[in-house]
There are 2 protein chains.
Amino acid sequence: MVSLKDISVRCGVSVATVSKALNGHKDVSEATRERLLKAAKEMGYFPNSQARALKTNKTLNLGVMFSDEAGSGLTHEFFAKVLNSFKIEAEAAGYDITFINKNVGRQKMSTYEHCKYRNVDGVVIACTDFSTQDVYEVINGDIPVVTIDHIFDCRTAIMSNNEKGIEELVNYVADMGHRRIAYIQGNRSAVADRRLAGFCKACMNRGIEVAPELLLAGDYHNPEKTYELTKELIAMSERPTCIFMPDDYSSMGGLGAIKDSGLSVPNDISVVGYDGIAYSQLLSPKLTTYLQDTAEIGTEAAKKLISLIENPQTTFTEVVTVDGRLIEGASVKRII
Amino acid sequence: MVSLKDISVRCGVSVATVSKALNGHKDVSEATRERLLKAAKEMGYFPNSQARALKTNKTLNLGVMFSDEAGSGLTHEFFAKVLNSFKIEAEAAGYDITFINKNVGRQKMSTYEHCKYRNVDGVVIACTDFSTQDVYEVINGDIPVVTIDHIFDCRTAIMSNNEKGIEELVNYVADMGHRRIAYIQGNRSAVADRRLAGFCKACMNRGIEVAPELLLAGDYHNPEKTYELTKELIAMSERPTCIFMPDDYSSMGGLGAIKDSGLSVPNDISVVGYDGIAYSQLLSPKLTTYLQDTAEIGTEAAKKLISLIENPQTTFTEVVTVDGRLIEGASVKRII
DNA sequence: ATTTTTATCTCAAACGTTTCCGTCAATTAG
DNA sequence: CTAATTGACGGAAACGTTTGAGATAAAAAT
């Protein structure tokens, strides 16, 4: 490994000068700068990030805390897409991203401790469960943090506009004439709460009664559970004309239940999903759903985080709301 | 930030002793070790990974090179799952993983240069295109490397058994009585070649003619293209009784084409996919496909890479083949 | 009682940077 | 012509570790 020193001896200058030349400081003549740059290139020099970080306390490294009770963080399409755009934006700004977990070497440590150990410049948190000790520690630590889809006091959050998304779907469905609408919730979480709030509010605005028996407690990303619940709904004496599934993926289970019951979508019953994943538009009929702007969420998260890091004095905690877009498929039938 | 020095002054011992105590060296008495450990904990000490790496030349950090012409690396379910299990295994062994790209700070650099800069202990490469200059540099560098689904000379590779997968599918389909089988290829790559080879070989073994007009050049992960090609196949005078789709995701396009033509699966035409993604089993009929053992691939990749890193002298380059498993759905009809 | 071993700890260099401060010559100002 | 300014560069400390070689004292062996 070729170091600054190697260059300095070969060129007969001091290490300090080489460092300054390569980092574009002004107190080095143009002539020597070029000479040193040339030598550096010839010798295949690359800065040692560890040494640099040791001195500067900047690692140009962003931690990603992605957890999920199922442990399948990356397999989750929403997370994967958000992370992907986060990564692209971060990389464009010169930051690397590394996953933060709970052990390094043989030692166990908390996520926060891990962040300190690696000296990440900032952390983005995207979890299904924000109520853990691990999250709490990071939130209360002194590393810049951005959270996704969860609001903590005094921390910047990027929020997918869940409330608005559901509202738009309710309005759409109401416009199609539906009045008896079932809603299968996701597992209890801030996101689920917000969506439910949006549902109830929009129903109220449209004068639609929210019948308790049509408000089912389901799970996100759980087609099996959704299958069961959909069966229950279908078996009702006064069957709903439209079902809100927890998300697109789960809706596959719901659609299966409907098919297995000898009914068809949208003729016998209408269905809407949530997320706007690719598959939803490959089904027939295409699913009417709400596309979350995952690209924008990830990009925004990276931008805000980097801004917090690089301009700590001028950047303030804020909540960024990212709207999505209703995708009109063919899974909702006009009944009026 | 509390350092070894802080502990040493507080406890009245030398920095060296603290270091040794905390790292479990034997030349420190049990009494002082405990005293130091206690102090370290109380003071909230955490080792500085940069300083440590600077000395030891080990970062406990693994680079991940995930590229994809579409730039959608993480969104790709196969990649995401492999990466996920890779991550789990690596973390269990105490390694972090960071994505390697082409710029750090304001500077542009090649992937290999980036690896050197970050001093990753090893790199795993999973790309759709292995023929780039960037891959070439890494392969020819001096960092331990494991590749996924591509074989380079003198480098360990983890291979999904594509040949066997297709062979099993052909045998299954042949057992069901199909003789006129269409095969939509993925885009030109080592994987596509291997699958095609498996297809031809198995057909030959079963005495099935591989008709050139039934061998179509398609794309992986491209439902639209697959839609078109399936339409072409359906329109043939002597229509195939079974179609091999490039992969499960693409097959959604093919299934759409069949439905749009007023035909049904599997009654009018049989279909098989490849990958075994979750969605394929939520369709009705369920897709008959080949489940790649992504968990094993990722786990194996991490194990081999770590082994190369930690036992450079006793570990040799090898090719690990990971078998998958045929999933019998209901998309292939028995016609004999 | 002397020597050897063992256990425990310290010294000090090294890893590759960055950066403040100082030096020295050349240029400009007075 | 002297004094002040500027430009270009070097010295050296510092960041937080690790580690082999030495030091010291206590224990064991002779």
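No experiment lies behind these values; they were computed from the predicted model shown. In what follows, chains carry the letters A, B, and so on, assigned in the order in which the sequence lines appear, proteins first and then strands, with residues in each chain numbered from 1.
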Rounded to the nearest Å, what distance is computed from the CG atom of residue B:L36 to the P atom of nucleotide D:dT18? 14 Å
Integer-rounded Å distance: D:dC9 P and A:L4 CG: 16 Å
Any side-chain donor-acceptor pair under 3.5 Å between A:N161 and A:T321? no
OP1 or OP2 of D:dG16 under 4.0 Å from side-chain N/O of B:R52: no
State whether A:S19 places a side-chain N or O below 4.0 Å from either non-bridging phosphate oxygen (OP1 or OP2) of C:dT18. yes
For B:K55 and B:S29, take the nucleotide of DNA chain C holding the closest heavy atom to each; which residue's nucleotide lies nearer the 5' end? B:S29
Measure CG/B:D27 against P/C:dT10 and give the value in whole Å, please. 11 Å
With DNA chain C as reference, determine whether B:N57 or B:V13 sits nearer its 5' end, using the nearest nucleotide of each. B:V13
Within less than 4.0 Å of OP1 or OP2 of C:dT17, is there a side-chain N or O belonging to A:Y45? yes
Under-4.0 Å salt bridge between B:K87 and B:E91: yes
Indicate yes or no: does B:E113 engage B:K116 in a salt bridge with an N to O separation below 4.0 Å. no
Looking at C:dT17, does its base get a donor-acceptor pair with the side chain of A:K20 below 3.5 Å? no
Measure the distance from CG on A:N48 to C1' on C:dT17 and round it to the nearest whole Å. 8 Å
Under 4.0 angstrom between A:T32 side-chain N/O and D:dC9 OP1 or OP2: yes
Just to confirm, is there a sub-4.0 Å distance from OP1 or OP2 of D:dC9 to any side-chain nitrogen or oxygen of A:T17? no
Rounded distance (Å) that lies between atom P of D:dC15 and atom CG of B:D6: 10 Å
Rounded to whole Å, the NZ-C1' distance (A:K5 to C:dA13) equals 11 Å
SB check B:K38 B:E42 (cutoff 4.0 Å): yes
Select from A:G12 and B:V15 the residue whose nearest nucleotide in DNA chain D is closer to the 5' end of that strand. A:G12
Output the rounded distance in Å from CG (A:L60) to P (C:dT17). 15 Å
Nearest whole Å is fine: how far is C:dT19 C1' from A:H25 NE2? 8 Å
Parallel, tilted or perpendicular for B:F66 and B:F99, by the 30°/60° rule? perpendicular
